[in-house]
Amino acid sequence: MAAEISFSIKSPRGSRTLSVAYERSGAGEPLLLLHGIGHHWQAWEPVLGILAAERDVIAVDLPGFGTSPALPDGVSYDLTTVGSVLGSLCEELKIERPHVVGNSLGGLLALELGREKLVRSVTALSPAGFWTEAERRYAFMTLRAMRLGARSMPLPLIERLSRTAAGRAALISSIYARPGRRSPEAAVAETLALRDATGFHQTLAAGRYVLFTDDVPDVPVTIGWGTKDRLLLRRQGIRAKQAIPGARLVRLPGCGHVPMNDDPALVARVILDGSR
């Protein structure tokens with residue numbers, strides 16, 4: 001069920017109201033899903049049905065992405081602040097210490113929530129923050145190019161490209177190993193989500209100096225990495241394992257940076273195993 005919830009957060013100008021869009025389905029222990037930069041909650045659609053059969057699944061549009069409005073003026077998109085916003089969201093939704101799963105930016109945020117002991121378990125799929133400086137610059141350059149491409153194409157062209165496998169590859173092959181498997185409607189929707197993301201530049205700016213180097217003790221952590229991730233290279237998973245020695249590191253064969261659509265059954269199994 002798609003919905004929107006509003007709650008108060010602190011800002012330099014005092015208390016402000018923030019609204020967050022989310023999709024909720026299923027029953028069981030709560031499972032919070034966090035997408036990557038420029039994406040929206042629909043990134044999780046390929047695995048939602050499988051997860052909702054066993055979990056109370058809450059897939060959110062992060063502030064400034066999807067249909068969630070940007071953070072109020074003066075509120076930073078840094079890791080600590082957005083992590084705190086997600087903690088407030090969970091309080092408002094009355095979900096205490098959910099399992100959390102994140103992809104890319106969402107994976108970094110999931111690890112932040114784990115570090116703050118706000119969640120029961122963390123599953124991070126190609127999380128940001130384990131890059132070298134050269135790898136970070138490459139990823140940010142690629143993301144900016146994707147954003148520029150999305151903003152420069154008129155909607156009729158995006159729709160026309162989406163109708164063929166080759167066209168979908170042109171639109172979304174930077175994040176999917178198998179872009180032809182994505183539906184035309186989904187390819188259009190996520191291209192528009194990237195084009196219209198009000199928090200894109202602020203999030204990139206906040207991530208410029210981010211390195212996740214802390215352990216996440218006392219919280220079960222699973223790190224999954226696609227073997228065909230072309231945005232955040234899979235060797236970054238080794239660094240994640242070195243930073244978090246107790247983490248379970250899982251290879252996702254044949255998957256790209258956003259693995260949920262490349263192999264839904266495998267990704268759902270990794271998520272469910274990691275959230276027990």
Side-chain angles (χ1 to χ4, degrees), residues 2 4 20-23 31-48 51 57-71 77 79 82 85-86 89 100-112 123-129 139-140 142-151 153 158 162 168-179 181-204 206-207 224-226 229-232 252 255-264 267-268 271:
E4 185 177 275
V20 170
Y22 66 96
E23 166 76 13
L31 180 68
L32 183 68
L33 304 180
L34 308 175
H35 61 75
I37 186 170
H39 228 142
H40 52 179
W41 72 258
Q42 289 89 341
W44 300 99
E45 281 184 327
V47 297
L48 275 183
L51 299 178
V57 181
I58 305 100
V60 306
D61 278 342
L62 293 170
F65 299 97
T67 58
S68 290
L71 290 171
Y77 282 79
L79 192 58
V82 179
V85 166
L86 292 171
L89 169 66
V100 62
V101 183
N103 173 224
S104 194
L105 166 66
L108 176 62
L109 289 167
L111 290 166
E112 171 68 11
T123 301
L125 307 174
S126 294
F140 281 27
T142 301
L143 288 166
R144 290 191 184 100
M146 290 170 60
R147 163 89 162 185
L148 182 62
R151 291 176 68 87
M153 285 186 288
I158 295 171
S162 75
R168 292 194 292 282
L171 291 172
I172 56 176
S173 63
S174 295
I175 57 173
Y176 294 112
R178 302 178 175 109
R181 290 188 178 182
R182 203 74 172 121
S183 74
E185 297 77 14
V188 170
E190 56 198 17
T191 301
L192 297 180
L194 175 60
R195 183 189 75 181
D196 299 334
T198 55
F200 181 85
H201 289 299
Q202 297 95 318
T203 298
L204 271 191
W225 225 288
D229 191 331
R230 292 189 288 271
L231 187 65
L232 298 181
L252 304 176
C255 290
H257 183 63
V258 180
M260 295 82 80
N261 194 76
D262 286 329
D263 195 335
V267 172
I271 292 170

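On a predicted model such as this, the values are computed, not experimentally measured, just so you know.
- Summarising the geometry of Val47 relative to Pro264, their closest heavy-atom pair is CG1-O, 3.5 Å, with the distance given to 0.1 Å.
- Taking Ser173 as the reference, nothing meets the side-chain hydrogen bond (donor to acceptor under 3.5 Å, both in side chains) condition, with sequence neighbours excluded.
- The shortest side-chain heavy-atom distance between Val60 and Leu34 falls under the 4.5 Å cut-off.
- The backbone N or O of Leu62 lies less than 3.5 Å from a partner atom in the side chain of His35, making a donor-acceptor pair.
- Residues Leu109 and Leu79 meet the side-chain proximity criterion, which asks for heavy atoms closer than 4.5 Å.
- Judged as a salt bridge (charged side-chain N to carboxylate O under 4.0 Å, His left out), and not counting sequence neighbours, Arg168 has no contacts.
- Annotation: side chain of Leu252 is not in contact with side chain of Asp263 (no heavy-atom distance under 4.5 Å).
- Here Leu33 contributes atom CG and Leu48 contributes atom CG; the two are 6.5 Å apart, rounded to the nearest 0.5 Å.
- A heavy-atom distance below 4.5 Å is found between the side chains of Ile175 and Met146.
- His257 and Ser174 share no donor-acceptor pair across their side chains, judged by distance under 3.5 Å alone.
- One N or O on the side chain of Arg147 and one on the backbone of Ala197 form a donor-acceptor pair closer than 3.5 Å.
- Taking each heavy atom of Pro184 and Ser162 in turn, the nearest pair found is CB-O, 3.3 Å.
- Annotation: side chain of Trp225 is not in contact with side chain of Pro259 (no heavy-atom distance under 4.5 Å).
- Partners of Glu45 by side-chain hydrogen bond (donor to acceptor under 3.5 Å, both in side chains), not counting sequence neighbours: none found.
- With contacts defined as side-chain heavy-atom distances shorter than 4.5 Å, the pair Ile271/Trp44 qualifies.
- If you take OG on Ser126 and CG on Leu231, they are separated by 8.5 Å, rounding to the nearest 0.5 Å.
- Here CD1 of Ile158 is found 7.0 Å from CG of Leu171. Values are rounded to the nearest 0.5 Å.
- Exactly one of Val267, Leu108, Leu125 qualifies for a side-chain contact (heavy atoms from CB on, under 4.5 Å) with Asn103. That residue is Leu125.
- In this structure, the side chain of Asp262 engages the main chain of Ala177 through a donor-acceptor pair within 3.5 Å.
- A donor-acceptor pair is defined here as one N or O able to donate and one able to accept, closer than 3.5 Å; such a pair exists between the side chain of Asp229 and the backbone of Leu232.
- Side-chain contact check for Phe200 versus Leu194: some heavy-atom pair is nearer than 4.5 Å.
- The two residues Ala186 and Ser183 come nearest to each other via the heavy atoms N-OG, 3.0 Å.
- Residues that satisfy the side chain to side chain contact (heavy atoms under 4.5 Å, CB included) test with Ala193, not counting sequence neighbours, are His40.
- Every side chain to side chain contact (heavy atoms under 4.5 Å, CB included) that Thr203 has, sequence neighbours left out, goes to Ile37, Phe65, Tyr77, Leu105.
- Looking at Ser68, its side chain does come within 3.5 Å of a backbone N or O of Asp61 through a donor-acceptor pair.
- The closest donor-acceptor contact from the side chain of Glu23 to the backbone of Ala59 lies at 3.5 Å or more, if one exists at all.
- Under the salt bridge (charged side-chain N to carboxylate O under 4.0 Å, His left out) criterion, the residue pairs touching residues 182-201 are Arg182-Glu190, with sequence neighbours excluded.
- A distance of 12.5 Å separates CD1 of Ile172 from CZ of Arg181, quoted to the nearest 0.5 Å.
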